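Comments concern the structure below.
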Amino acid sequence: MASRGPPPGMGPVMVLNAKTQRQTGRQAQLSNISAARSVADIIRTTLGPRSMLKMLLDPMGSIVITNDGHCILREVDVSHPTAKSMMELSRAQDEEVGDGTTSVIILAGEVLVQAIPFLENSHSSLHPTVIVQAYHQALQKALELCEHQAVIVDVHDTKRMQTLVQSSIGTKFSSRWNDKMVDMALQAVLTVARKHDNNSNFSTEVDLKRYAKVEKIPGGEISDCAVLKGVMFNKDTVHSKMRRRIENPRILLLDTPLEYKKGESQTNVEITDDKDWNLLLKAEEEYVKRMCEEIIVIKPDIVITEKGVSDLAQHYLAKADITAFRRLRKTDNNRIARATGATICSRTDEITEDDLGTKCKLFEMRKVGPDWFCYLDECVDPKACTIVLRGGSKDVLNELERNLQDAMQVVRNVVYHPKLLPGGGATEMAVAMGIRRASMSVKGVGQKPFAAIADAMEVIPRTLASNCGVSVIRTVTALRAKHAAAYEKNPSTPCNVGINGRTGDLVTMEELGIW
């Protein structure tokens, strides 16, 4: 039976908006690949030690100067859904690993580009599912090859760890201050790291976001940057007569206000006699005085609270020779608690001797630039720290912070998983050669997409060679020949030959110290 069409004079019903653009089939696939390639091309020149900085103007009118792949893509405004997926990929890499965002985007773009020949040809095109299955097989093989290539590292081997971090920040803006940045990253991570209870060598917790704060202070020189064995914060004492330097201080942390308690909602009090008003004021003063007496009994040297400190409380504390700070952030208070061994108290009548922090050896107020900072320094085994960054301008400080965060994330990853892979394109070329050999045993139509991953992996050494200005074809061909010769000589020994990103020469990554 023939289907009934629309009534005479009636056109087709439009479900989508008339301005909506819709792509399907091969056209949509190629459009997605083109968008991914465009995103990869934006940051292709920021890979390696010869990378170039990008100058970006954000919507607020401020300038960002960086060669950090994630930072660049974060500032780029795109509308294509595939391009947005690439941005998400960069963000995930930055959050999970901390470094390698540029490499991931370039590699992802190249993997998609390698699929074009299998989609374009209308006579012999492959179904996207077949291509994806072949890519998954290649991924499993690549992971096996990486496991074979990996070198186990001792986290407490300072020299090896320094070369590892140098290879991370050697391509960044701060590379000229390499030694300083490397020592700061190592010191910060090993300070924050917490061990297993069962005396294991590996740390279970490295919470950099919460316990390693970066304090950026414009002015000074980059050589003035330091990691404190303790905590600092931008606050001055609440009273001018309070002590500004104390050795071996007893520190009390509070999250309750040292002032009369205000009502939760609007409170009205009706007074019929003028004496009642004086009684009301006296009750408030007695409340504050009682709290201060409960604190003074414990004999702390420093009192830090997250809430306010009234003028009357300041008077009583200053009279008892106690230094006080008010309105500290909760995150800063947690950091001080971890560094000094103090416990944050919520009620003054429940404070005990065990709640005081005694691990800090020196409290001092220092003026850095135009502001006063409180230093709680020289702590015994602090599990929290503050990283002080100094530099000529805010742009320099922001870029230094990004580079330092990358370096600290790299150290954290090695603390979690103490295995290293050679850099300089050596791992990528070794994986490419291994996948080519493995593709000979792959049967069916998935063989070509499987082998295409090998060509995609070579984009990293190719980009490194291109960015340092040498002949790309000659360099990559020579590197391929080195890996092939090493495999023929001894298949069980991994080849660590890669490209020196500064000169373009082929060197062993162990000699160059790039991991």
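All figures in this text were calculated on a predicted structure; none of them were measured in a lab.
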Quick one: list whatever passes salt bridge (charged side-chain N to carboxylate O under 4.0 Å, His left out) with [X], sequence neighbours left out.
X    : value
R390 : none
R245 : E247, E364
R437 : none

Within 6.0 angstrom of R329 CZ, more than 12 heavy atoms from elsewhere: no
Heavy atoms of other groups near H148 NE2, more than 12 under 6.0 Å: yes
Sub-4.5 Å side-chain heavy-atom contact between L145 and I435: yes
Between [X] and [Y] (side chain of the first, backbone of the second, donor and acceptor by atom type, cut-off under 3.5 Å), is there such a pair?
X    : Y    : answer
S90  : M86  : no
T427 : P422 : yes
E378 : G230 : no

Which heavy-atom pair separates [X] from [Y] by the least distance, and what is that distance?
X    : Y    : value
N467 : L47  : ND2-O, 2.8 Å
C385 : T191 : CB-CG2, 4.1 Å
V111 : A456 : CG2-CB, 3.8 Å
A35  : A83  : CB-N, 4.3 Å
D207 : V192 : O-CG1, 3.5 Å
Y211 : K383 : CB-O, 3.9 Å

M429 vs V476, side-chain contact (heavy atoms from CB on, under 4.5 Å): CA-CA, chis, key distance, verdict: CA-CA 9 Å; M429 184 56 77; V476 174; 4.0 Å; yes
Taking atom types as modelled, is there a side-chain donor on [X] or [Y] under 3.5 Å from an acceptor on the other?
X    : Y    : answer
T66  : E399 : yes
Q409 : R412 : yes
E110 : Q114 : yes

Sequence-distant partners of F233, ring-ring contact (aromatic ring centres under 6.0 Å, His included), two or more places apart: F325
Passing option when C225 is tested against L404, V214, L389, I387 for side chain to side chain contact (heavy atoms under 4.5 Å, CB included): L389
Residue among V153, I152, V151 satisfying side chain to side chain contact (heavy atoms under 4.5 Å, CB included) with K419: I152
Where at least one partner belongs to residues 480-504, residue pairs that pass ring-ring contact (aromatic ring centres under 6.0 Å, His included), sequence neighbours excluded: none
Pair D41 + R44: basic N to acidic O under 4.0 Å: yes
Of all pairs that satisfy salt bridge (Lys or Arg N to Asp or Glu O under 4.0 Å), the ones with a partner from residues 444-457, not counting sequence neighbours: R436-D455
